[in-house]
Amino acid sequence: MKKNKSLALLIALTICSLPTLAANSHCEAPYSNALPKYHYQLKKTFEVDGRQGITTDSKFYYVSGSTTLSKYDMQGNLLATNKTPFEGYKIPANHIGDIDVYNNEIYVSAEWFMDGVGKDIQIAVHDADTLKLKRTFPFNPESGQQEVSAITVDKVNNSIWMASWVGEESGRYLYEYDLDNGKYKRKVHLQPVPQWIQGIVAYQGDIYLTADDGTADNKEVDNLYRVKIDKNSTNAPVVLERAFTDFKDYGEIEGVAINPQTHELLVHSNRGKQIVLGMPKGFYPGYDREISEVYVYGMEPSCKKP
């Protein structure tokens with residue numbers, strides 16, 4: 001009789017522990033590599049003047065419009081705007097995508113963009129204090145990149161990465177340049193490929209992408225992806241990190257950044273305007289202006305070490 005009670009107790013304890021075992025099993029390799037790395041909790045939003053990109057050095061927010069660069073304090077108050085950011089460019093440009101900040105310099109993804117077609121791609125570096133141009137690096141046409149939607153500084157690999165919004169061959173890769181001299185290093189094949197990449201940020205050895213892959217007309221959400229880069233591989237696996245079901249309305253996701261001090265995720269998004277071939281057109285019902293906002297999320301690791 002005692003043996004039966006002991007066996008019953010063992011079975012009961014095992015059954016009770018199954019949910020915990022199941023919950024923790026995804027933290028073990030190789031499962032953890034195919035699942036979201038963080039949980040994201042929305043903390044706040046604030047409106048900005050600029051519809052393209054967001055970055056921060058933990059002291060200020062920097063926001064890019066298609067033809068502007070702006071600087072905000074950490075409470076979201078506008079401090080300064082450069083409305084003529086292309087002054088000093090040797091190659092004409094009319095469009096800025098997502099941006100990044102490093103060593104008090106703003107890295108700008110610049111090009112000439114019209115009706116879904118980009119050309120004359122260049123890496124522009126602006127002073128974070130004055131927002132004015134300091135220097136530029138040309139991109140390598142042999143890379144096959146046809147458009148640039150976003151740029152980030154990868155401190156782990158001493159690199160600059162650029163993404164392409166244009167699909168087909170150009171949009172299937174991320175493009176790596178040397179941070180010190182601006183020389184082209186290589187391109188990495190994304191597998192699977194997110195559609196319509198808009199933002200990019202390098203963080204602790206991974207790269208995070210925002211993609212405008214939800215059709216606003218059909219009330220589809222946009223998404224965040226994580227890319228694991230291997231310096232010895234020509235391809236990189238892509239994991240769906242988060243669907244933005246908590247945005248205020250369906251629209252167009254843009255840039256992405258991570259606060260290096262608070263480790264908060266920043267996501268830039270627009271709502272209100274219809275976008276055709278990357279160009280703002282009319283308004284959706286209920287809107288008479290486009291609203292550009294930054295969503296701030298807390299990041300908690302999905303798998304916590306004991």
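Quick caveat, the model's predicted, so the values are computed rather than measured.
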Mark yes or no for whether D98, through its side chain, and V256, through its backbone, hold a donor-acceptor pair below 3.5 Å. yes
For K134, which residues count as a side-chain contact (heavy atoms from CB on, under 4.5 Å) partner, sequence neighbours excluded? E105, D127
Evaluate the side-chain contact (heavy atoms from CB on, under 4.5 Å) criterion for residues S269 and E293: first the C-alpha distance (whole Å), next the side-chain angles of each, then the deciding distance (0.1 Å), finally the verdict. CA-CA 6 Å; S269 186; E293 294 162 308; 5.8 Å; no
Measure the shortest side-chain to side-chain distance between L174 and L209 over non-hydrogen atoms and say whether it is less than 4.5 angstrom. yes
Calculate, to the nearest 0.5 Å, the distance between atoms OG1 and CG belonging to T68 and D49 respectively. 6.0 Å
Is the backbone N or O of Y184 less than 3.5 Å from a side-chain atom of N140, with the two atoms forming a donor-acceptor pair by type? no
Under 3.5 Å donor-acceptor, D212 side chain and E254 backbone: no
Does any part of the side chain of Y61, heavy atoms only, come nearer than 4.5 Å to the side chain of V48, both counted from C-beta? no
Could I get the full list of side-chain contact (heavy atoms from CB on, under 4.5 Å) partners for D288, not counting sequence neighbours? none
Donor + acceptor pair across side chains of D230, S233 (<3.5 Å): no
Candidate pair R242 and Y38, rule side-chain contact (heavy atoms from CB on, under 4.5 Å), full reasoning: CA-CA 9 Å; R242 191 184 198 275; Y38 296 95; over 6 Å; no
Grab the two heavy atoms, one from A211 and one from Y225, that are nearest each other, plus how far apart they are. CB-CE1, 3.8 Å
If we ignore hydrogens and angles and just use 3.5 Å, is the side chain of S58 paired with the main-chain N or O of Q261 as donor and acceptor? yes
Could you tell me whether a side-chain N or O of E169 sits under 3.5 Å from a main-chain N or O of G144, the two making a donor and an acceptor? no
Trace of the side chain to side chain donor-acceptor pair (under 3.5 Å) decision for T136 with K90: CA-CA 8 Å; T136 61; K90 295 180 180 179; over 6 Å; no
Flag side-chain contact, heavy atom, 4.5 Å: Q145 against F139: yes
Shortest non-hydrogen contact between D57 and F60, atoms and distance: OD1-N, 2.9 Å
Below 4.0 angstrom, N of the basic side chain to O of the carboxylate: do K185 and E176 qualify? yes
Taking only residues two or more places apart in sequence, or in another chain, which ones meet H268 in a ring-ring contact (aromatic ring centres under 6.0 Å, His included)? none
Would you compute the distance between atom OG1 of T210 and atom CG of L266 and round it to the nearest 0.5 angstrom? 11.5 Å
Examine the side chains of D249 and Y284 and answer whether a donor and an acceptor come within less than 3.5 Å of each other. no
Looking at side-chain heavy atoms only, is the closest gap between L131 and H126 below 4.5 Å? no
If you apply the rule side-chain contact (heavy atoms from CB on, under 4.5 Å), what do you find for E300 with Q41, and how did you get there? CA-CA 8 Å; E300 290 291 335; Q41 183 66 40; over 6 Å; no
Rounded to the nearest 0.5 Å, how far apart are OH of Y107 and OH of Y177? 14.5 Å
V101 backbone acceptor or donor facing T55 side chain under 3.5 Å: yes
Donor-acceptor list for residues 190-199 side chains, cut-off 3.5 Å, not counting sequence neighbours:
residue, atom, partner, partner atom, Å
Q191, OE1, N235, ND2, 2.9
Q191, NE2, H189, ND1, 3.4
Q198, NE2, E252, OE2, 3.2

When you measure from the side chain of H95 to the backbone of S66, do you find a donor-acceptor pair of N or O atoms at a distance under 3.5 Å? no
Are V267 and V201 co-members of a hydrophobic cluster defined by side-chain heavy atoms under 4.5 Å apart? yes
Spacing of CH2 belonging to W112 relative to CG belonging to N94, to within rounding of 0.5 Å: 4.5 Å
Taking the side chain as C-beta and beyond, is there a heavy-atom pair between S302 and K37 under 4.5 Å? no
Are Y208 and F247 connected into the same hydrophobic cluster when the rule is that any two of I, L, V, M, F, W, Y join if their side-chain heavy atoms are below 4.5 Å apart? yes
Measuring only between side-chain heavy atoms, which start at C-beta, is Y40 closer than 4.5 Å to E241? yes
Heavy atoms only: give me the nearest V148-A110 pair and the separation to one decimal. CG1-O, 3.5 Å
Are I160 and V108 connected into the same hydrophobic cluster when the rule is that any two of I, L, V, M, F, W, Y join if their side-chain heavy atoms are below 4.5 Å apart? no
May I ask you to check whether over 12 heavy atoms, not counting those of K119, lie within 6.0 Å of atom NZ? no
With hydrophobic residues grouped by side-chain heavy-atom distances under 4.5 Å, do V296 and F244 end up in a single group? no
Where do D222 and I253 come nearest, in terms of heavy atoms and distance? OD2-N, 3.1 Å
Start with the C-alpha gap between L179 and K155, add the side-chain angles, then the distance that decides, and say whether side-chain contact (heavy atoms from CB on, under 4.5 Å) holds. CA-CA 9 Å; L179 179 60; K155 296 182 286 292; 5.8 Å; no
Can you find a pair of side-chain heavy atoms, one from D206 and one from K228, that are under 4.5 Å apart? yes
To the nearest 0.5 Å, what is the distance between OG on S159 and CD1 on I207? 8.5 Å
Any heavy-atom pair between the side chains of F86 and I96 that's under 4.5 Å? yes
Looking only at non-hydrogen atoms, find the nearest pair between D73 and Q75 and report the distance. OD1-N, 2.9 Å
With Y250, which residues qualify under side-chain contact (heavy atoms from CB on, under 4.5 Å), at least two apart? A216, K219, V221
Any side-chain donor near an acceptor of the partner, Y297 and D246, under 3.5 Å: yes
Does K132 have any side-chain contact (heavy atoms from CB on, under 4.5 Å) partners at least two apart in sequence or in another chain, and if so, which? N82, T130
Would a hydrophobic clustering, with Ile, Leu, Val, Met, Phe, Trp and Tyr connected at side-chain separations under 4.5 Å, put L133 with V125? no
With rounding to the nearest 0.5 Å, note down the distance linking CZ in F46 to OG in S292. 11.5 Å
Quick one: sort the W165 and F113 rings into parallel, tilted or perpendicular, breaks at 30° and 60°. perpendicular
Strictly distance-based, threshold 3.5 Å: is any side-chain N or O of D100 a donor or acceptor partner for the main-chain N or O of V153? yes
Around atom CD of E47, are there more than 12 heavy atoms of other residues, nucleotides or ligands at under 6.0 Å? yes
Counting only N and O atoms by type, is there a donor-acceptor contact under 3.5 Å from the side chain of E290 to the main-chain atoms of K273? no
Which atoms form the tightest heavy-atom contact between Q274 and D217, and what is the distance? NE2-OD1, 4.5 Å
Y175 vs Y173 aromatic rings, parallel, tilted or perpendicular, using cut-offs 30° and 60°? tilted
Could you tell me whether the side chain of R226 and the main chain of L35 form a donor-acceptor pair under 3.5 Å? yes
